[in-house]
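Just so it is clear, the structure is predicted and the values come from calculations on it, not from any experiment.
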Amino acid sequence: MTIESDLPVGGATHLNHIYIISDKNRRPMLAKFTFTPESGKAFVSTSVRLATSTDVRAIAEMSDGALNAVSKNVRVTISGCDVPPQS
């Protein structure tokens, strides 16, 4: 998954963290990314493992405590390598 934001990573009010959360996983918080002015911009790309189909949320935490969120439903299916038995 890739998360990119136009929120500033420096200045008076800036992006501190991005959290990736999946409620139906055993451990809901999948990742936490921290940004500084040296980061340049808010961009992350990572792989995650999901136990079941669920909404995955990215939450941006600003330096003043404000939260911005976006959600996407992700469907988990059986691997394409599995072949069902033939009858």
Taking all atoms of both residues into account, what is the closest heavy-atom pair of [X] and [Y], and its distance?
X   : Y   : value
R57 : D23 : NH2-OD1, 2.6 Å
V9  : F35 : CG1-CB, 3.9 Å
A12 : S63 : O-OG, 3.5 Å
G10 : P37 : CA-CG, 4.1 Å

**Item:** Identified side chain to side chain contact (heavy atoms under 4.5 Å, CB included) counterpart of I59 within the set I21, I20, I18
**Value:** I21

**Asked** Where the side chain of N73 meets the backbone of S53, is there a donor-acceptor pair that is under 3.5 Å apart?
**Response**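 Not at all, since once roles are kept as given, no pair shorter than 3.5 Å links the two residues.
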
**Prompt:** Is the backbone N or O of L50 less than 3.5 Å from a side-chain atom of N25, with the two atoms forming a donor-acceptor pair by type?
**Reply:** no

Are [X] and [Y] linked, directly or through other ILVMFWY residues, by side chains that come within less than 4.5 angstrom of each other?
X   : Y   : answer
V44 : V48 : yes
L7  : I3  : yes
V74 : V70 : no

State the [atom1]-[atom2] distance between [X] and [Y], to the nearest 0.5 angstrom.
X   : Y   : atom1 : atom2 : value
L67 : E61 : CG    : CD    : 6.0 Å
D6  : K41 : CG    : NZ    : 8.0 Å
M29 : S22 : CE    : OG    : 12.5 Å

**Prompt:** Heavy atoms, side chains only, cut-off 4.5 Å: are F33 and T46 in contact?
**Reply:**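 Yes. Closest side-chain heavy atoms under 4.5 Å.
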
**Test log, rule side-chain contact (heavy atoms from CB on, under 4.5 Å), inputs N16 and M62** = CA-CA 5 Å; N16 276 344; M62 302 300 288; over 6 Å; no

**Request:** For atom CG of D64, decide whether the heavy atoms of other residues, nucleotides or ligands shown that lie under 6.0 angstrom number more than 12.
**Result:** yes

